[in-house]
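Shown next, in structure tokens, is the structure this report addresses.
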Amino acid sequence: MKVTIVGAGPSGLILGILLQKRGITTRILEAADKLDAQPRACHYAGPGKYELERAGVLEKIQAEGFHPGGVTWRYKDGAAVAGIDQKSIPESSVHRMVCLPLGRVCEILYDEAIASGVEILFNHKVLGNIGQTETTAWVDVSINADVQRFEADYIVGCDGGNSQIRRALFGEMEFPGSTWEQQIVASNVYYPFEKFGYNDSNFIVHPTDWYMAAKITKDGMWRVTYGDVPGLTKEEYEKRLPMRYKQMLPGAPEPSEFKIANIGPYKMHQRLAEKMRVGRFLLAADAAHLCNPFGGLGLVGGIADVGCLCDALDAMNKGLTDDSILDEYSRVRREKYQTIVDPMSTANFKRLWEKEPDKAFAEDEFFKVLEKANKDEKLMNKLREASMALCHDMAQFYKPPVQA
Ligand SMILES: Cc1cc2nc3c(=O)[nH]c(=O)nc-3n(C[C@H](O)[C@H](O)[C@H](O)COP(=O)(O)OP(=O)(O)OC[C@H]3O[C@@H](n4cnc5c(N)ncnc54)[C@H](O)[C@@H]3O)c2cc1C
Ligand SMILES: *[C@@H]1O[C@H](CO)[C@@H](O)[C@H](O)[C@H]1NC(C)=O
């Protein structure tokens, strides 16, 4: 079997490694001339950790990254109300979250992909002209001034939120769901939050000055993700950042008291493609679904997609099942989005600003469950097990192909 993956983001790279390690010849086509280095995801919870281990990169990620001690929800004045302690979970456990900025994780994935024999072609931009027959699928690819056709048994769109594969399959504007009116800015900064009693990850609940502050590197870089007025340019958000920091952050810092590493404004969406399989074309991760970043469900949900897709293609390649398993892939992964990723990420985000903080802390069911679980280890373990539900065992869908 030959598989072509469009996009060398985290999902494309992980899928490439997993397939190649199972003896499936894999090629990745990437439009850019190098890996993306924008500030993005950093935290990998259980289901993500599981797939990173299968890809053979977890050890390296754990060695370079760190294991956050806990997450707390706070008032703007810094007072902590609720939290989840992670320190009691061994670092080796799949349930103990690991943290390393995605840019570095992608470099590690890239090295592993090359070492496994995956072919990765940069400056290969897939165009809207795609097609398939009974036996093969193809995409037209722009390479410098040239256009070349690439063929494979299956082609997987791991080409992110603006997926060309998705647009070619369903139409330019067909990505059902909604866009949040809130504008967020993700900033990487050196600022000593520890001095103000902050834990490794913190959510600040406030109608306008809500934000997330999380330590993301061992050397003390933090990610601060906050809201700002919509519709400005990156330069305008950069200009406004000191004012917003002074309004929001503990210690109301002056610009001389922090050091910005980089910032990335972005719009958030909750969207899910109509299908994740059309014949020999498949979609995975951001190409198939988007959510807001609060709670880290976007990336981890995408990583869980490619784990399932690898298992499905591998079983077909070994003759254990026919291609109906790819319909199951589409059905199961869409259901995971609808029942877990979308409702949970939406609740995580709204919890920060929808109600007055006093009301939010008093009324939100989530805080009540946390309080209970903190006193009841059995319940806490049950919640941890439940978080693994993003993964799915595809073996139950095997249908042996009819022998000719
Ligand atoms: C600012 C920011 C902060 C985020 N923070 C978090 C977070 O805290 N937690 C979390 O879980 N998630 C977060 N996310 C989301 C997370 O980064 C994404 O879910 C993840 O990157 C998706 O991975 P992917 O491989 O599906 O797509 P991408 O990372 O988008 O990779 C897609 C790749 O496809 C390539 N490509 C696109 N079009 C073509 C084409 N036509 N031909 C060839 N190649 C193409 C692109 O160049 C890119 O390399 C954040 C995202 C952003 C933007
Ligand atoms: C947050 O930090 C404080 C002070 O170090 C500590 O007492 C508390 O247990 C931490 N909370 C969590 C949820 O980790």
Side-chain angles (χ1 to χ4, degrees), residues 1-38 40-41 44 48 51-61 64 100-130 136-166 168 280-288 299 302-303 305-314 317:
M1 186 187 283
K2 284 201 173 84
V3 173
T4 288
I5 297 167
V6 183
S11 63
L13 290 167
I14 293 172
L15 180 61
I17 295 167
L18 291 175
L19 290 175
Q20 191 76 34
K21 285 192 174 175
R22 281 159 187 74
I24 296 173
T25 309
T26 310
R27 164 191 280 157
I28 302 181
L29 306 172
E30 167 57 51
D33 59 359
K34 56 177 183 317
L35 300 172
D36 190 348
Q38 276 292 304
R40 293 183 295 166
Y44 311 89
E51 298 301 347
L52 291 168
E53 170 142 54
R54 288 212 297 167
V57 294
L58 183 59
E59 214 175 301
K60 203 155 189 196
I61 289 170
E64 287 190 33
L100 182 68
L102 186 57
R104 179 58 193 141
V105 167
C106 283
E107 288 172 2
I108 293 171
L109 288 168
Y110 177 82
D111 290 345
E112 184 69 20
I114 295 296
S116 312
V118 179
E119 183 186 9
I120 303 180
L121 302 170
F122 287 100
N123 289 310
H124 280 56
K125 182 175 187 199
V126 170
L127 303 170
N129 199 26
I130 69 173
T136 186
W138 53 264
V139 287
D140 279 350
V141 179
S142 145
I143 311 157
N144 303 319
D146 222 30
V147 175
Q148 227 175 292
R149 186 159 288 189
F150 284 74
E151 256 186 37
D153 297 313
Y154 291 94
I155 297 181
V156 187
C158 287
D159 46 349
N162 193 31
S163 170
Q164 176 64 73
I165 298 294
R166 187 193 64 241
R280 294 178 174 275
F281 284 95
L282 297 140
L283 294 175
D286 275 22
L299 180 66
I303 293 178
D305 281 355
V306 297
C308 282
L309 184 53
C310 164
D311 290 344
L313 291 168
D314 180 38
N317 190 43

Validation row: [X], [Y] side chains within 4.5 angstrom (heavy atoms):
X: I120; Y: L13; value: yes
X: L309; Y: V156; value: yes
X: N129; Y: R149; value: yes

Can you name the nearest heavy-atom pair linking [X] to [Y], along with the distance?
X: N317; Y: R22; result: ND2-O, 4.3 Å
X: C106; Y: G9; result: SG-C, 4.4 Å
X: E151; Y: W138; result: CG-CB, 3.8 Å
X: D153; Y: R280; result: O-NH1, 3.0 Å
X: A55; Y: E112; result: O-CG, 3.6 Å
X: L283; Y: A288; result: CB-CB, 3.9 Å

Let me confirm one number: the [atom1]-[atom2] distance from [X] to [Y], rounded to the nearest 0.5 Å.
X: R54; Y: L52; atom1: CZ; atom2: CG; result: 11.0 Å
X: Q20; Y: T26; atom1: CD; atom2: OG1; result: 4.5 Å
X: D314; Y: L19; atom1: CG; atom2: CG; result: 8.0 Å
X: L35; Y: R104; atom1: CG; atom2: CZ; result: 10.5 Å
X: L29; Y: D159; atom1: CG; atom2: CG; result: 10.0 Å
X: T4; Y: F281; atom1: OG1; atom2: CZ; result: 9.5 Å

Counting distance only, does the side-chain N/O of [X] pair as donor-acceptor with the main-chain N or O of [Y] below 3.5 Å?
X: S11; Y: I303; result: no
X: R166; Y: A287; result: yes
X: D140; Y: L127; result: no
X: Y44; Y: L100; result: yes
X: S116; Y: V118; result: no
X: D305; Y: A285; result: yes

inquiry  = Which label fits H124 and F150: parallel for a plane angle under 30°, tilted from 30 to 60°, or perpendicular past 60°?
reply    =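 Rings of H124 and F150: perpendicular, as their planes differ by over 60°.
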ask   = Step by step, would you call Q164 with V139 a side chain to side chain contact (heavy atoms under 4.5 Å, CB included)?
value = CA-CA 11 Å; Q164 176 64 73; V139 287; over 6 Å; no
key: Atom CD of E107: over 12 foreign heavy atoms under 6.0 Å   =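 Enclosed: over 12 neighbouring heavy atoms sit under 6.0 Å from CD of E107.
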request  = Start with the C-alpha gap between R27 and L121, add the side-chain angles, then the distance that decides, and say whether side chain to side chain contact (heavy atoms under 4.5 Å, CB included) holds.
outcome  = CA-CA 8 Å; R27 164 191 280 157; L121 302 170; 4.1 Å; yes
ask   = Would you call R40 and D286 a salt bridge, using N to O less than 4.0 angstrom?
value =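 Here R40 does not pair with D286 in a salt bridge, since their nearest N and O are not under 4.0 Å apart.
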